[in-house]
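These notes are about the structure you will find just below.
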Amino acid sequence: DVQLVESGGGSVQAGGSLRLSCTASGDTIGRYCMGWFRQIPDKEREGIAAIDPAGGQAYYSESVQGRFFIDADNAKGTVSLVTNNLKPEDTAAYYCVADPTSWFTLTGNLRFQDFAYWGRGTQVTVS
């Protein structure tokens, strides 16, 4: 099993940027589809980005397309989410996720039930 730990969250003004990192242990991330979800209190979790380890295919939700970018470094065992042009509506807890199967290549979106492994999250606040 893989364990995931997020870092890099914080408070930023609108228009700013943050780089979120996810460090994996227990297994190599090259065996997993890696992704990011976010959740605002009392709202459903939203899958925002994912990357397929085999072909490098990436998925972005419409809400972050063109502003956020996901990158995986298999050698370091890290997955990053670069968030640019942040907006107040991006305020949420951000979670790193992993699953052996890249379901998004089949379904065309990110569903929380398609990811078996979750980190504890890191908070991003945009004002």
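Throughout, numbering of the chain's residues begins at 1 and tracks the sequence. In this text, all values refer to a predicted model and were calculated from it rather than measured experimentally.
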With a 4.5 Å cut-off on side-chain heavy atoms, are Q39 and Y95 touching? yes

A72 versus I51, closest heavy-atom pair with distance: CB-CG2, 4.2 Å

N109 backbone acceptor or donor facing T107 side chain under 3.5 Å: yes

Are Q57 and S102 close enough that a side-chain donor and a side-chain acceptor fall under 3.5 Å? no

Scan residues 39-86 for pairs that pass ring-ring contact (aromatic ring centres under 6.0 Å, His included), counting only residues two or more places apart or in two chains. none

Return yes if some donor-acceptor pair links the side-chain N/O of T83 with the main-chain N/O of L18 below 3.5 Å, else return no. yes

Spell out, yes or no, whether V64 and F37 are grouped together once hydrophobic residues are joined by side-chain heavy atoms under 4.5 Å, including indirect joins. no

Salt bridge (Lys or Arg N to Asp or Glu O under 4.0 Å): pairs with one or both residues in residues 55-72, sequence neighbours excluded: R67-D90

Where do G47 and S61 come nearest, in terms of heavy atoms and distance? O-CB, 3.5 Å

Listing, residues 118-127 side-chain donor-acceptor contacts under 3.5 Å, not counting sequence neighbours, or none:
from : atom 1 : to   : atom 2 : distance (Å)
W118 : NE1    : F115 : O      : 2.9
T122 : OG1    : G9   : N      : 3.1
Q123 : NE2    : A92  : O      : 3.4

Check for me whether R45 meets the cation-pi criterion with F112, that is, NZ or CZ under 6.0 Å from the six-membered ring centre and within 45 degrees of the ring axis. yes

Taking the side chain from E6 and the backbone from C96, do they hold a donor-acceptor pair closer than 3.5 Å? yes

For Y117, which of D27, D1, D99 qualifies under side-chain hydrogen bond (donor to acceptor under 3.5 Å, both in side chains)? D1

